[in-house]
Amino acid sequence: MTRVWTLPTLFALCGSVAATGEFFAGNPGGATAFLLVFLALAGVNSPLIFPRSVGAREAQRRSAADGRPIVFWRPGCAYCIRLRLRLGRAARAAHWVDIWRDPAGAAAVRAANDGNETVPTVVVSGRPHTNPDPAWVRDRLSAPSPGPRS
């Protein structure tokens, strides 16, 4: 079985190695600091802080049915993390697409951004918005959905 190393796993592993080295060098405070910093990096780069991703086609189908925005994102993106954290619980109302896991999502983002994979790209009512203000997105999430279209 092949093991795929994810960014959060590598952060946690590197932090553990660095902390162990500091601990055995007689610096338990430095070891603790290293471990906490690397675990924090692992946490904010983890897909676990984001709602479950779906494919771009599924997100478009769901958005057409319920009127909710689609958020295209990728792990490790500081702007995506900022958006996710600023949305709070409202983030679960959007349809999230990880462009690193979904080629159709990456293609949709490139089409909206002159060939660049700039994220977050939020699609509301079929119109893309690149790196929008989180308050603006929150307003779109709390707006009443139009319901299924005929």
Side-chain angles (χ1 to χ4, degrees), residues 1-22 33-150:
M1 182 169 103
T2 303
R3 172 79 173 138
V4 176
W5 295 95
T6 63
L7 192 58
T9 304
L10 290 175
F11 275 130
L13 182 62
C14 290
S16 298
V17 169
T20 302
E22 285 294 307
F34 265 116
L35 190 58
L36 290 176
V37 166
F38 277 87
L39 289 177
L41 286 170
V44 298
N45 285 289
S46 171
L48 297 177
I49 69 165
F50 290 90
R52 184 172 174 265
S53 287
V54 296
R57 288 180 180 82
E58 176 64 15
Q60 290 164 345
R61 185 192 67 73
R62 290 180 185 183
S63 181
D66 62 20
R68 295 180 183 172
I70 302 170
V71 180
F72 292 95
W73 71 285
R74 65 173 171 77
C77 167
Y79 297 103
C80 298
I81 293 167
R82 173 182 156 259
L83 176 64
R84 168 59 186 101
L85 294 177
R86 298 265 315 271
L87 290 178
R89 292 183 197 198
R92 297 207 179 277
H95 304 292
W96 292 76
V97 178
D98 179 351
I99 68 167
W100 280 1
R101 291 183 176 234
D102 185 53
V109 169
R110 285 192 304 272
N113 294 297
D114 299 321
N116 298 309
E117 290 185 356
T118 307
V119 289
T121 296
V122 179
V123 177
V124 178
S125 301
R127 296 194 63 209
H129 304 272
T130 304
N131 198 16
D133 182 81
W136 180 86
V137 177
R138 192 177 316 106
D139 289 344
R140 300 311 170 276
L141 289 170
S142 61
S145 59
R149 295 179 187 157
S150 300

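Closest heavy-atom contact between F72 and A56: CE2-CB, 4.1 Å. The shortest non-hydrogen separation linking L35 to A19 is CB-CB, 4.0 Å. Shown here for L141 and P69, the closest heavy-atom pair between the two residues is CD2-CD, 3.6 Å. Heavy atoms only, all atoms of each residue included: R84 and G88 are closest at NH1-O, 2.7 Å. For the residue pair V97 and A59, the shortest heavy atom distance occurs at CG2-CB, 3.6 Å.
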Would you be so kind as to tabulate the donor-acceptor pairs closer than 3.5 Å made by side chains of residues 117-124, with sequence neighbours excluded?
| residue | atom | partner | partner atom | Å |
| --- | --- | --- | --- | --- |
| E117 | OE2 | R110 | NH1 | 2.5 |
| T121 | OG1 | N113 | ND2 | 3.0 |
| T121 | OG1 | T118 | O | 2.5 |

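To the nearest 0.5 Å, atom CZ of residue R92 and atom CG of residue L87 are 11.5 Å apart. Here R52 contributes atom CZ and H95 contributes atom NE2; the two are 12.5 Å apart, rounded to the nearest 0.5 Å. The line from OG1 of T20 to CZ of F34 is 11.5 Å long, rounded to the nearest 0.5 Å. Atom SG in C77 sits 8.5 Å away from atom CD1 in I99 (nearest 0.5 Å).
Contacts of R86 classified as salt bridge (Lys or Arg N to Asp or Glu O under 4.0 Å), with partners at least two apart in sequence or in another chain: none.
Contact of the R82 side chain with the N131 side chain is registered, since non-hydrogen atoms from C-beta on lie closer than 4.5 Å. Looking at heavy atoms from C-beta onward, R74 lies out of side-chain contact with V109 at the 4.5 angstrom threshold.
Listed by first and then second residue, the ring pair (Phe, Tyr, Trp, His ring centres under 6.0 Å) pairs involving residues 100-126 amount to none (not counting sequence neighbours).
Using the six-membered ring where Trp is involved, W73 and W96 have ring planes that are perpendicular, over 60° apart on the 30 and 60° scheme.
Enclosure of atom CZ in R57 is not indicated, since only 12 or fewer non-hydrogen atoms of other residues, nucleotides or ligands lie within 6.0 angstrom.
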